[in-house]
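Read through the structure below, which is laid out as structure tokens, and then see the notes.
Counting starts at 1 for both ligands and their atoms, in listed order. Treat the numbers as computed from the prediction; the structure is a model and nothing was measured.
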Amino acid sequence: MKILIVLAHPEPKSMNGALFTTAIETLQAAGHEVKTSNLYAMRFNPVSDSSNFTRLQNATFFKQQLEEMHATETGSFAYDVDQEQEKVEWCDLMIWQFPLWWFSVPGILKGWVDRVFAMGRFYGAGKYYEQGIFSGKKALLSLTTGGEEGAYLKDGFNGDIINMLKPIHRGIFGFTGWSVLHPHIVYGPARLSPEAREAELNKWKKRLLQAVDEQPIEVGTY
Ligand SMILES: Cc1cc2nc3c(=O)[nH]c(=O)nc-3n(C[C@H](O)[C@H](O)[C@H](O)COP(=O)(O)OP(=O)(O)OC[C@H]3O[C@@H](n4cnc5c(N)ncnc54)[C@H](O)[C@@H]3O)c2cc1C
């Protein structure tokens, strides 16, 4: 299987860094092809504007989605955007590895989506949801939190984490056609002992080996 892993964490020695490295090693050892986008290490520019394109259809009024359709027709996405689009198009399974920041993804990852998931190339003209361009491909969120698991239950301090992830699961993945796998969550790694963190990495290895054959979850009805 062709697998893309996107990492959004500024510290390679973090738990997210360890989960990222574990995923690459585990999947490659199992015979999968792996590509990565380590966004901070790449110094990926998350600011979405006219620099997404090598030339503009309308240089006097910037309208991103119109420029995206034009760039799809004329092959005029900026090199850094095009490289990421090619990786997303290449993979059968896409994994995002990130710490939960403000109940969401870090800004660098949101900016990656804003620039890379372009109208025309990734969605539009009736290509949404079940008819989406990435229909048949799978997407998996792997995240860590600061809070403990109990805080993320339905009646917990912060509320249900699955609901929290809906804008990503439904609004980004579902909208563009991906089948969504159940998220993999390490709760409060900073509160765990080194042994418990090691156990989490082993749990992740096992999950990864099953993930390629897992059935997707329903993201439209919760
Ligand atoms: C802007 C911002 C917003 C935030 N918003 C939220 C929020 O909305 N909700 C929430 O719950 N939290 C939030 N947090 C907290 C954040 O989610 C957690 O700090 C983060 O998920 C922890 O993951 P980490 O990879 O940074 O862990 P780290 O703190 O880097 O890792 C924990 C420990 O694991 C150790 N480690 C690394 N590799 C290994 C290894 N191979 N084996 C064993 N141990 C290892 C590290 O040395 C470290 O001591 C926020 C934080 C920020 C900065």
*Classify the ring geometry between Phe62 and Phe53 as parallel (under 30°), tilted (30 to 60°) or perpendicular (over 60°).*
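Rings of Phe62 and Phe53: tilted, as their planes differ by 30° to 60°.
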
_In terms of relative ring orientation, are Phe117 and Trp96 parallel, tilted or perpendicular, with 30° and 60° separating the classes?_
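Correct class here is perpendicular.
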
Is [X] close to ligand 1, meaning an N/O of one under 3.5 Å from an N/O of the other?
X: Ala190; result: no
X: Met15; result: yes
X: Pro194; result: no

*Just go through Trp101, Phe103, Tyr152 and tell me whose heavy atom is the nearest to atom 10 (C) of ligand 1.*
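Heavy atom nearest to atom 10 (C) of ligand 1 belongs to Tyr152.
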
*asked:* Considering Leu100, Ile185, Thr22 one by one, which has a heavy atom nearer to atom 7 (C) of ligand 1 than any of the others?
replied: Leu100

*Does ligand 1 have an atom under 4.0 Å from some heavy atom of Glu198?*
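Yes, Glu198 has heavy atoms under 4.0 Å from ligand 1.
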
*Passes salt bridge (Lys or Arg N to Asp or Glu O under 4.0 Å), Asp49 versus Arg115? Steps please.*
CA-CA 8 Å; Asp49 60 16; Arg115 298 187 70 211; 5.9 Å; no

Does only the side chain of [X] get under 4.0 Å from ligand 1, or the backbone, or both, or neither? Count heavy atoms.
X: Leu201; result: side chain
X: His9; result: side chain
X: Phe98; result: neither
X: Ala18; result: side chain

Any idea which protein heavy atom is nearest [atom], and the distance to it?
atom: atom 47 (O) of ligand 1; result: Lys13 O, 4.0 Å
atom: atom 19 (O) of ligand 1; result: Gly146 CA, 4.6 Å
atom: atom 5 (N) of ligand 1; result: Trp102 N, 2.8 Å
atom: atom 44 (N) of ligand 1; result: Arg197 NE, 2.9 Å

*Leu39 and its side-chain contact (heavy atoms from CB on, under 4.5 Å) partner, picked from Asn45, Val6, Leu7*: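 The side-chain contact (heavy atoms from CB on, under 4.5 Å) with Leu39 is passed solely by Val6 among Asn45, Val6, Leu7.
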
*asked:* Distance to the ring centre below 6.0 angstrom and angle to the axis at most 45 degrees; does that hold for Lys138 and Trp178?
replied: no

Main-chain N/O of [Y] paired to [X] side chain as donor or acceptor, under 3.5 Å:
X: Thr145; Y: Gly188; result: yes
X: Arg170; Y: Val219; result: no
X: Gln64; Y: Asp114; result: yes

*With rounding to the nearest 0.5 Å, note down the distance linking OG in Ser76 to CD in Glu67.*
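Taking OG in Ser76 and CD in Glu67, the distance rounds to 8.0 Å.
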
*asked:* I need the Leu201 CG to Arg197 CZ distance, nearest 0.5 Å.
replied: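 The CG atom of Leu201 sits 9.5 Å away from the CZ atom of Arg197.
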
*State, with a plain yes or no, whether a side-chain heavy atom of Tyr79 is found less than 4.5 Å away from one of Thr54.*
no

Closer than 4.0 Å to some heavy atom of [X] - which atoms of ligand 1 meet that?
X: Asn16; answer: 23 (O), 24 (P), 25 (O)
X: Thr144; answer: 17 (O), 20 (C), 21 (O), 22 (C), 23 (O)
X: Pro99; answer: 20 (C), 21 (O)

*Within the structure, does at least one protein heavy atom fall under 4.0 Å of atom 17 (O) of ligand 1?*
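It does: a protein heavy atom is found less than 4.0 Å away from atom 17 (O) of ligand 1.
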
